[in-house]
Amino acid sequence: SQQGEEDPQALSIQEGENATMNCSYKTSINNLQWYRQNSGRGLVHLILIRSNEREKHSGRLRVTLDTSKKSSSLLITASRAADTASYFCATDSNYQLIWGAGTKLIIKP
Amino acid sequence: NAGVTQTPKFQVLKTGQSMTLQCAQDMNHNSMYWYRQDPGMGLRLIYYSASEGTTDKGEVPNGYNVSRLNKREFSLRLESAAPSQTSVYFCASRSGGPGELFFGEGSRLTVL
C-alpha cells in the first residue's frame, strides 16, 4: 500500500516559474524524503527532512513538513528545462521507505 | 565510484522461464533493497536486506526470491516468470537506518 500521495499528478509550467508539489501521508514517520527520476533512469535523492524539522533548503529546493497535517511540499524555484522529471516523496518509518506515485513535472522553454 | 550496479539492463523472458537480476554496491552499505516500478505507481518493495545475512519480505514478495550473497551483492530471482512481473526493477542501498537511498539505473523486464 502506498503511504505517500503526491499532488498534482502532472504539472506543466514555463521555464523560470516556480513549481510546487505536495505529498500527503498516513502514519507517523522518522523522516520524509524527496527524489527525482529522469525518464528511463534511476531515482536520485534530493532532500531529507526529519520529523522534528519544519523547513529545509537545498539550492533552488525548499521542502516543508507539517506533521500535524501529515503533509509535505517541495518547491523548485526558477525552474529550468533540466528540472523536467518525475518527483517522488517517500516516508521513512521502521527503516523502510514507502513511496507515492509521483508528480510528473514538465518545464516548457 | 560506480555506486549501485544492476545487470542486466534489459531482459525479455517467456512465461515460465527463470532469471536472476544482479545488484552490487561499492559504498559499504549495510542495507539493500529490491523495488519494482509500474506505470503510474510509486515504487513497491519486493524484498530487503537490513544487513548481511538477513532478508525480509516487502509489500509484493510473491513470485520472487532473494539472496544476500555478501555485503556488496543482493540478487533477485524469478523462478517462473509471469506476464504480471513485467516491470522495471530497481536495486537500492543505504548505510543502514533512516537515510538516503542510492539507486541503480534499473532493469527493464518484459515477460511474454
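Letters A, B, ... mirror the listed sequences (proteins, then strands); counts begin at 1. The model shown is predicted, which means the values in this text are computed figures rather than measured ones.
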Check each atom of A:Gln37 against the heavy atoms of chain B and say whether the ones under 4.5 Å are side chain, backbone, both or neither. side chain

Atom group of A:Leu48 that falls short of 4.5 Å from chain B, counting heavy atoms: side chain

Take B:Glu52 and B:Asn70 through the test side chain to side chain contact (heavy atoms under 4.5 Å, CB included) and record every step on the way to the result. CA-CA 6 Å; B:Glu52 186 179 356; B:Asn70 47 54; 4.2 Å; yes

Please look at B:Gln37 and chain A and tell me whether the side chain, the backbone, both or neither of the residue comes under 4.5 angstrom of a heavy atom of that chain. side chain

Applying a strict 4.5 Å limit to non-hydrogen atoms, the region of B:Leu101 in contact with chain A is both

Name of the residue among B:Tyr48, B:Phe74, B:Phe103, B:Phe102 meeting ring-ring contact (aromatic ring centres under 6.0 Å, His included) with B:His29: B:Phe102

Applying side-chain hydrogen bond (donor to acceptor under 3.5 Å, both in side chains), name anything that partners B:Ser31, two or more places apart in sequence or on another chain. none

Which donor-acceptor pairs under 3.5 Å do the side chains of residues 76-85 of chain B make with protein atoms, sequence neighbours left out?
residue	atom	partner	partner atom	Å
B:Arg77	NE	B:Glu79	OE1	3.4
B:Arg77	NE	B:Glu79	OE2	3.2
B:Arg77	NH1	B:Thr20	OG1	2.9
B:Arg77	NH2	B:Ser18	OG	3.2
B:Gln85	OE1	B:Ala82	N	3.0
B:Gln85	NE2	B:Gly63	O	3.2

Does the separation of the ring centres of A:Tyr87 and A:Trp99 fall below 6.0 angstrom? no

Closest-packed option against chain B by number of heavy-atom pairs under 4.5 Å, given A:Gly102, A:Ala90, A:Gly40: A:Gly40

